[in-house]
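What's counted below: heavy atoms across the whole structure, side chains too, no hydrogens, waters or symmetry copies. By convention in this document, chain letters (A, B, ...) are assigned in the order of the sequence lines, proteins followed by strands, and residues within each chain are numbered from 1.
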Amino acid sequence: METKSIVAVRTTINGREHSAEVDSRLLLVEAIRDVFGLKGTHIGCLTGDCGACTVVVDGKIAKSCLMLAASADGREIQTVEGLARDGKLHQIQQSFWDEYGFQCGYCLPGMMFSAKELLETDPRPDEAAIRHALQGNLCRCTGYQKIVQAVSTAADRMSGGTNEEREDDHRDDTPTR
Amino acid sequence: MTIEVERAPREAPRRRYVGSRQKKLKGDLFVRGKARYVADIELPGMLHAAVLRSPHAHAHVKSVDVSRALEISDVVAAVSGEDARELTGPVPHFIDPAVFGGKTAEVRCLAVEKVVYAGQPVAAVVAASRNDAEAALDAIAVEYEPLEVGLEPAAGTQGGTLLYEGWEDNTIIHIPFVEGDVEAAFAEAEHTLEDEVRIQRYTTAPIETRGYVADWDTSAESLTFYGACQNPHPLRWVLSHALGLPEGKIRIVAPHVGGGFGLKMHGHPEEALVCMLSRMLERPVRWIEDRRETFLIGGREQTHTFKVAFDDEGRITGLRNNIVANVGALGAPPGWGMAFLTALSFPTGYRIPNQDVQVSIVATNKGPWNASRGYGKEATNLVMERIVDLVAQKLRMAPAEVRRRNFINKDEFPYKTNAGLNIDSGDYHGALDKALAMMGYDDLRAEQERLRAEGRYLGIGLAFELTPEGGDIPGTLVAGFDTTTVKMDPQGKVTVLTGVTTPGGGNETGIAQIVADEVGVSLEDVTVIQGDTGLCPYGFGNYSGRSMLVGGGSAALAARDIREKLAKVAAAMLETEPENLEFGEGVISRRDNPDASLPTETVAYSVLTLAFATAAMVEPTLESTRVYKPDNITHIPDEKGRIQPYPSYSSAVHLAVVEVDAETGVVDLKRFGVVHDCGTIINPTFVEGQMQGAVAMGVGAALSEELIYDDEGNLLTDRFKTYLMPRAGDLPSFEMEHQVTPSPFTLLGAKGAGEAGVGGSQAAVANAVNDALAPLGVTLRQMPLSPPNVLRAIREAAEKGGVS
Amino acid sequence: MITRTLEYLVPGSTGEAVEMLTPSAGEAKLLAGGTWVVPDMTHGRVRPARVIDLRRAGLSEIREEDGHVVVGATATYSEIVASSLLREKVGLLPIAAAKITGGAQVRNFATAGGSACYAIPSSDAPAWLVALGAKMRLLGASGEREVAAEDFFRGAFRTAARPDEMLTGMAIPTPPAGARFAYHKLKFGESGWPIATAACVLGLDEEGRCRSASLALGAVAETPLRVEVGAVLEGSPVTREVAQEVEEIAHRAVAEPWTDVLADGEYRKSVAGVVAKRVLLAAANGG
Ligand SMILES: Cc1cc2nc3c(=O)[nH]c(=O)nc-3n(C[C@@H](O)[C@@H](O)[C@H](O)COP(=O)(O)OP(=O)(O)OC[C@H]3O[C@@H](n4cnc5c(N)ncnc54)[C@H](O)[C@@H]3O)c2cc1C
Ligand code: FES
Ligand code: FES
């Protein structure tokens, strides 16, 4: 058997720098989960189809099963654990909870990141735009309807309010419905 | 001793949680990425298993040589089927066909001597990492002697390639459901028609695959098993048999489960396998299924060949239906039983006095079935609804009218069907009218006319759906009852331990709502614990839309016991009668004088601390374990030998609007509406969520999902690129209304709400596509209605000369 | 799970990449976005000993070069969609690239170059490149060469690139100003593979008569097919009748249709003409 090949990876995850020696065979999603211990990123297929492994790489959403861990070297990564700030949920998280935008929750991290990238480029998407933005994500539980609603609610909340509130898309109060 | 009556602030009018939209309990864990699933479990010293699977669909296994794999440095163990036979017994069937007079076969975690489907486990490797374990599979040498492969039941029924030794043919069981005088019905019929519906093999495909971690404790000689599983206690029974360990030595823990839909019901070979490996190595062993492996498990493949007798008025007088189900290889999970229920559930909610429905359940060299949401009843709904539409078409009558004329009337409930099912309640005519109004049916027909003139093919499809839910199969661990413990601690906080589980549907929140109302605490003060045989009372987990029904029912009973004790003690403390008390959120007050009230905490504390004084009249500790057994189920055969295995029968009316591109066969689902009746609703948000998920699944089943095999029996659709499930952009927003006819047979009036939706939506879409293409003379018989299947049917109709 | 241990290299230039590729050509895999090659490795379909990640090779630029727009081999679909240069000069590409499925997650990293090099019959980019008359720029130890897109695709998963060669870019001749274009993609479901695609570039005169026309079909055969539409189209306006003729020509052009599990050859052949007709009408009507 061939000797193992180890690659040094320095990467920033959720704002914290990490260095690790990783098996060159590892996928980014495997490293995130098993080397860096962030289990919130899920594996549903390892073929790039389900989107459960979605994270942000250098500011753009990516399926972390389509990337080698080695390719994370020098890159900045955000995972679902990095969405909340100082314990406060991001508006997208809050909206997914409020609107029951998940059932088993397995697809949830990917859904939230697809929603986030959409709202960054199109703050007031219509239903078709929301559905299109979820193209890379599968959900088997919800039929997507409450996910779409959650994204729409998040859009309302993020584009409403004062400038100051908009600056920070996190909140600690649970909005009443 | 005198007690100061504390004056709690006057509360707002009491909120009743039941019936209201509450957010998922502990939902923040999920949105923060902190909910833990089986693949997230890490135990010290844990090893990883990988499974070698047969590349042949049917072959003798001449030899398995694992020695080269064992030489690899990171490999800890490699085992063949022969090795495993020394270490485990067979996996018992969840529902053994032999119990029902059918044939049975032994199932082992690794194949011995023979493989009967491609993908069957033949050997396993354990290594320090999953990568190393997978890599070492290549080093295992297996010698096969391929046998003739039978993938279609036709060959099987005639003998052909026999899958199992000692069987004279491949039919597992044949069951008739005959009632009335069918001969006469057909002889006297004003009209008859015959046709066929062929349902493809498709599957559940939750986004989380299966996965198990087994942790053998050498000193205690006991096993802890963590698994993505729906039924912890019954699984413990299975593992106890397979491993030869007393049930008391096995603890099953189901962490959060990423969707089940039947797939995660037990009997899978890998369950016993990981336990065996852990016991053998005295270390924790984990196996996580990969997506390709998930697709090996099938379901639902059936052909229905039917004849219908009916009169000028559209009343169906007779039905013959010959069902052949291709259940693949016989596995230990409860898959094959689905086809039984398909036949049992005819003719759904219609009054058809004479029927001859026969089902042949046949084994072939495809992968085994496991339970799939709908559990066979989805197929009954699809076929019945196609039948009703075919009758309407033949008589040129409105599809809604034919349904009205055949529906059971709302004053006929409870209604006994041909197969002996006792339907609890419903108002099918009312639901139909509601659905037509909600969708603007007449306008839709006008729009269809207009578009037809432009050469566009709009189709409108109706479907009624009846879903027997909450079933109990006698002689098996498929039970119609369940158990819950409710405990209140001295601070007035409540813990609920229940035998039902949730793979994501949110029943924990619904159960908490029930308990919060019953004992009068706020929802945040209720903690629900599920899925751990070490903590929870004996229960059966999640299947058959039962969790709210019996989990909620038993929780309500146990909570009432607590409430009763609290009431007695509070009455003494407030110097009144229990009947004069009002339970608010964390406060108990006198009805006649709301200012006289006590925090529930004070009362709970007193039960334990004043057991020989004020609280002397109750048995101390606020804890109760209760079983809820709904009415209506009876396993004592009636005069015709029929049993009645379901307590409740939810119903729905679905309406789909599609446009078909006749040049490409592509179907566009434009609108979808459903009126759903699951009796009393505990939490509308969750009921809608269940229905929306089920409808999406049914749309996928109708249009695109299919497990396709090559001629050698290898699965070709082994990833989401080829197994096409609906995505957000494939679906419209579903329009939805509730109808509530409470079940008279269940504690809360609730009916099951979990399985309904798959068959109804599938049927509505199928009817809509047929309706769209009716001007071209097309009748679609092969599911799914994928573009190639639709285009082929259009072509064939054109060759036959269009409209008949 | 990737089972074979691999050597992971990140060249800083194309020269370095070629040096890394040459000695181990058969055993090495170039990695652009990785969206295809990584899952292929995960599932054991390819087992390279060496992976050469091109992300720092400087190949992601999209630039103008005398009469051409050169799309770097590692320019992602998202970069193509966002490129104002392309939108202005080769409008077909951004529109077509936006139709790649898999979500923004895939388009943000996947490249048209990677798609071309992989040459999956049921994919999008090959037909665009053929319709646009792109020239594929290849670099190897023996130097640089250009191959016309039409000659580049040799069969299912086969291209004219030698094992020791890499793609550096795709040079696309700028269509005449005012050219019209359209892209039609038939797929099953929101994120299905292309089943039949058609890309079309039309030059029309002031009267709406066709001056030049290029139409290529994708996903219907092992390689993209250029449909010879010049004879029927040139000099005539794009009418329903002409479109009907094009439909028939396109249908006939599919001699050996591609079959996979999603759609067999019979289906693909029967819709090839339909997508050709539709793309032509769409292009004539302004895309
Ligand atoms: C969910 C999903 C959806 C998709 N949908 C579509 C779709 O709608 N249409 C479609 O066409 N495709 C689709 N794809 C396939 C998609 O992976 C390709 O289209 C993509 O463009 C490949 O680019 P890449 O940069 O990721 O290639 P890589 O995976 O990096 O490489 C692909 C192949 O090309 C080789 N290669 C890469 N760069 C070079 C180079 N410069 N020189 C020589 N060889 C090179 C690699 O060695 C490898 O063999 C989809 C993929 C996924 C995962
Ligand atoms: S696990 Fe990455 S897309 Fe499914
Ligand atoms: S919530 Fe279960 S997969 Fe989306």
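Of the two parts of T54(A), only the side chain, counted from C-beta on, holds a non-hydrogen atom closer than 4.5 Å to a non-hydrogen atom of chain C. Heavy atoms of L27(A) lying under 4.5 Å from chain C belong exclusively to its side chain. Proximity to chain C is absent for every atom of D23(A), based on heavy atoms less than 4.5 angstrom apart. The contact between V57(A) and chain C is made by backbone and side chain atoms together, counting heavy-atom distances below 4.5 Å. If you measure heavy-atom distances from L9(C) to chain A, you find no contacts under 4.5 Å at all.
E117(A) CD to S78(C) OG: the interatomic distance, rounded to the nearest 0.5 Å, is 7.5 Å. Note: R4(C) CZ to S24(A) OG = 11.0 Å, rounded to the nearest 0.5 Å. One finds the CD atom of E190(C) at 11.0 Å from the CG atom of L138(A) (value rounded to the nearest 0.5 Å). Separation of atoms CZ (R25(A)) and OG1 (T42(C)) is listed at 12.0 Å; rounding is to 0.5 Å. Of the inter-residue distances, the one linking D73(A) atom CG with R56(C) atom CZ reads 6.0 Å to the nearest 0.5 angstrom. Atom OG in S71(A) sits 5.5 Å away from atom CG in L31(C) (nearest 0.5 Å).
Judged by distance alone, the side chain of K63(A) and the main-chain N or O of G102(C) form a donor-acceptor pair under 3.5 Å.
With hydrogens and angles left out, the side-chain atoms of E7(C) and S5(A) include no donor and acceptor closer than 3.5 Å. At a cut-off of 3.5 Å, with distance as the only test, a side-chain donor of S114(A) or Q105(C) sits close to an acceptor on the other residue.
Counting heavy-atom neighbours within 6.0 Å of R45(C) CZ, excluding the residue itself, gives a total above 12. At most 12 heavy atoms of other shown residues, nucleotides or ligands fall within 6.0 angstrom of atom CZ in R10(A).
Across T101(C), D53(C), V106(C), the residue that shares the most heavy-atom pairs under 4.5 angstrom with chain A is T101(C). The choice from V38(C), V10(C), V37(C) that makes the most heavy-atom pairs within less than 4.5 Å of chain A is V38(C). Interface summary for chain C: among L68(A), L46(A), I61(A), the most heavy-atom pairs under 4.5 angstrom belong to I61(A). Chain C forms more heavy-atom pairs under 4.5 Å with one residue of L118(A), T47(A), D49(A) than with any other, namely T47(A).
Between M1(C) and E30(A), the closest side-chain pair of non-hydrogen atoms falls below 4.5 Å. Counting only heavy atoms from C-beta outward, the side chains of R107(C) and K60(A) never approach each other to under 4.5 Å.
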task: Begin with the C-alpha distance, continue with both residues' side-chain angles, and end with the deciding distance and a verdict on side chain to side chain contact (heavy atoms under 4.5 Å, CB included) for W36(C) and L66(A).
output: CA-CA 8 Å; W36(C) 195 252; L66(A) 298 180; over 6 Å; no
